[in-house]
Enquirer: 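First, the structure itself, so that you have it in front of you.
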Number of protein chains: 2
Amino acid sequence: MAHIKLPEGIPGIRSLAMYRPETGQYIFELVQILLRGESSISEAERELIAAYVSSRNNCNYCMKSHAAAARFLFGDKQHWVNEVLTDIDQSTVPQKLKALLHIAGKVQILGKEVKEEDIMRARSVGANDREIHDTVLIAASFSMFNRYADGLASWTPTDPGHYEETGRRLSQKGYVFPQPVN
Amino acid sequence: MAHIKLPEGIPGIRSLAMYRPETGQYIFELVQILLRGESSISEAERELIAAYVSSRNNCNYCMKSHAAAARFLFGDKQHWVNEVLTDIDQSTVPQKLKALLHIAGKVQILGKEVKEEDIMRARSVGANDREIHDTVLIAASFSMFNRYADGLASWTPTDPGHYEETGRRLSQKGYVFPQPVN
């Protein structure tokens with residue numbers, strides 16, 4: 001049961017955005033531009049960064065939702081999602097994505113954990129300033145979203161079908177501020 | 001030196017908001033409504049929650065900036081800021097604020113660390129749903145801002161006068177999106 005009275009039957013951060021739309025609107029605007037805005041990191045890769053950070057933060061709702069979205073968006077490369085969530089070092093993702101995920105993992109621990117050598121490693125496989133910036137901000141943002149969803153014990157559905165549907169919606173429509181009836 | 005090329009002479013998250021205003025604008029909108037919007041938690045108390053979380057996240061720029069703002073806003077109770085940052089259990093802040101800070105400290109660790117007993121303790125000294133919600137969201141947000149500022153190694157001024165000026169500005173004008181020349 002959630003720690004505060006939230007709209008019933010609405011999962012995770014969506015129920016929190018409906019509880020307080022004044023803050024929820026900016027959270028949705030931020031995640032939409034971060035995960036769907038113009039970037040040379042693909043939408044699938046950005047969803048994977050989000051799922052990876054959420055997995056490290058033990059936030060099941062966020063992890064399953066963004067892993068599902070990443071699978072839809074990766075298409076025939078969707079096996080990368082399970083690989084990264086199981087063992088990133090052994091995963092077959094491209095080196096640049098692996099280096100960015102490595103930075104995201106450092107950010108998940110704490111900002112100061114990101115060292116010059118992590119940045120150099122990413123640059124050596126082709127990452128630029130903007131990609132490093134966006135990776136750090138996505139990882140930092142999910143360090144917020146994960147804490148927000150779990151800190152108030154919002155509802156985490158257990159039906160796998162729920163996340164499949166969420167993944168499809170997120171991959172097709174992006175992050176649309178939830179309406180009271182949906 | 002910052003991990004990416006940022007506007008020179010601009011500290012912390014302000015330089016990051018200027019580097020990528022598309023995301024920066026929503027970050028400033030969010031922190032403005034969180035720390036200055038309508039709430040029964042005073043602006044001084046919310047700044048103290050922000051400083052406390054930033055201190056636990058070892059983000060000096062954020063901690064000093066928000067501690068300075070809290071001191072300006074608390075006025076003759078400004079000794080509470082150092083007390084909380086030194087030893088919250090021994091601090092003389094009101095019990096409700098102490099219980100909310102305790103929840104914020106749990107969120108700083110991870111969302112699932114917030115237990116029913118933490119919520120009950122806060123309710124027993126007068127905290128309501130909205131105050132618990134806002135405390136969790138402020139703590140979660142600073143878990144993002146701290147990682148964003150430090151994860152890119154943005155500039156942390158060392159001059160104490162800088163933070164005094166920042167505290168005055170934040171207490172008087174709130175969170176205004178930084179202009180290229182300021």
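Letters A, B, ... are given to chains in the order of the sequence lines, protein chains preceding strands, and every chain is numbered from 1.
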Enquirer: Tell me whether B/Asp129 contacts the main-chain N or O of A/Lys5 through its side chain, where contact means a donor paired with an acceptor under 3.5 Å.
Expert: yes
Enquirer: Pick out which of A/His133, A/Arg130, A/Glu131 makes a side-chain contact (heavy atoms from CB on, under 4.5 Å) with B/Ile4.
Expert: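 For B/Ile4, the side-chain contact (heavy atoms from CB on, under 4.5 Å) test succeeds with only one of A/His133, A/Arg130, A/Glu131, which is A/His133.
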Enquirer: In this structure, would A/Val84 and A/Leu73 fall into the same cluster of hydrophobic residues linked by side-chain contacts under 4.5 Å?
Expert: no
Enquirer: Under a 4.5 Å cutoff for heavy-atom pairs, which residue among B/Ala149, B/Gly37, B/Ala153, B/Gly151 has the most contacts with chain A?
Expert: B/Gly151
Enquirer: Within the structure provided, determine whether B/Leu137 and A/Leu152 are in side-chain contact (heavy-atom separation under 4.5 Å).
Expert: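 Heavy-atom side-chain distance check fails, nothing below 4.5 Å.
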Enquirer: In the hydrophobic clustering (ILVMFWY, side-chain contacts below 4.5 Å, transitive), which residues join B/Tyr163, or is it alone?
Expert: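 Members alongside B/Tyr163: B/Tyr61.
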Enquirer: Does A/Tyr148 belong to the same Ile/Leu/Val/Met/Phe/Trp/Tyr cluster as A/Met18, with side-chain heavy atoms less than 4.5 Å apart forming each link?
Expert: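 A/Tyr148 does not cluster with A/Met18.
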Enquirer: Using a heavy-atom cutoff of under 4.5 Å, enumerate the residues of residues 90-119 of chain A that contact chain B, numbered in order, or state 'none'.
Expert: A/Val107, A/Gln108, A/Ile109, A/Leu110, A/Gly111, A/Lys112, A/Val114, A/Lys115, A/Glu116, A/Ile119
Enquirer: I'd like to know whether CD of A/Gln172 has more than 12 heavy-atom contacts from other residues, nucleotides or ligands below 6.0 angstrom.
Expert: yes
Enquirer: Test of understanding: with side chain to side chain contact (heavy atoms under 4.5 Å, CB included), list the residues that count as partners of B/Glu29, not counting sequence neighbours.
Expert: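 If we apply the side chain to side chain contact (heavy atoms under 4.5 Å, CB included) test to B/Glu29, skipping adjacent residues, the hits are A/Tyr26.
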Enquirer: Would you say B/Ile88 and B/Val53 are hydrophobically clustered, going by side-chain heavy atoms of ILVMFWY under 4.5 Å?
Expert: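 Looking at the clustering, B/Val53 is in the same group as B/Ile88.
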Enquirer: Honestly curious: do B/Ile27 and A/Ile132 fall in one hydrophobic cluster under the side-chain, below-4.5 Å linking rule?
Expert: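 They do share one cluster, since a chain of ILVMFWY contacts under 4.5 Å joins B/Ile27 to A/Ile132.
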Enquirer: Would you mind telling me which of B/Glu22, B/His3, B/Glu38, B/Met120 has the largest number of heavy-atom pairs within less than 4.5 Å of chain A?
Expert: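 If we count pairs closer than 4.5 Å to chain A, B/His3 comes out on top.
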Enquirer: Flag the one option from A/Leu30, A/Thr135, A/Leu6 with the top tally of heavy-atom pairs under 4.5 Å to chain B.
Expert: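 Ranked by heavy-atom pairs under 4.5 Å with chain B, first place is A/Leu30.
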Enquirer: B/Asp134 versus chain A, heavy atoms under 4.5 Å apart: side chain, backbone, both or neither?
Expert: side chain
Enquirer: Can B/Tyr19 be reached from B/Phe28 by stepping across I, L, V, M, F, W or Y side chains whose heavy atoms are under 4.5 Å apart?
Expert: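 Linked within one cluster.
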Enquirer: Within residues 138-146 of chain B, which residues come under 4.5 Å of chain A, heavy atom to heavy atom?
Expert: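 Heavy-atom contacts from residues 138-146 of chain B to chain A are B/Ala140, B/Ser141, B/Ser143, B/Met144.
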Enquirer: Counting only non-hydrogen atoms closer than 4.5 Å, does B/Arg123 touch chain A with its backbone (N, CA, C, O), its side chain (CB onward), both, or neither?
Expert: side chain
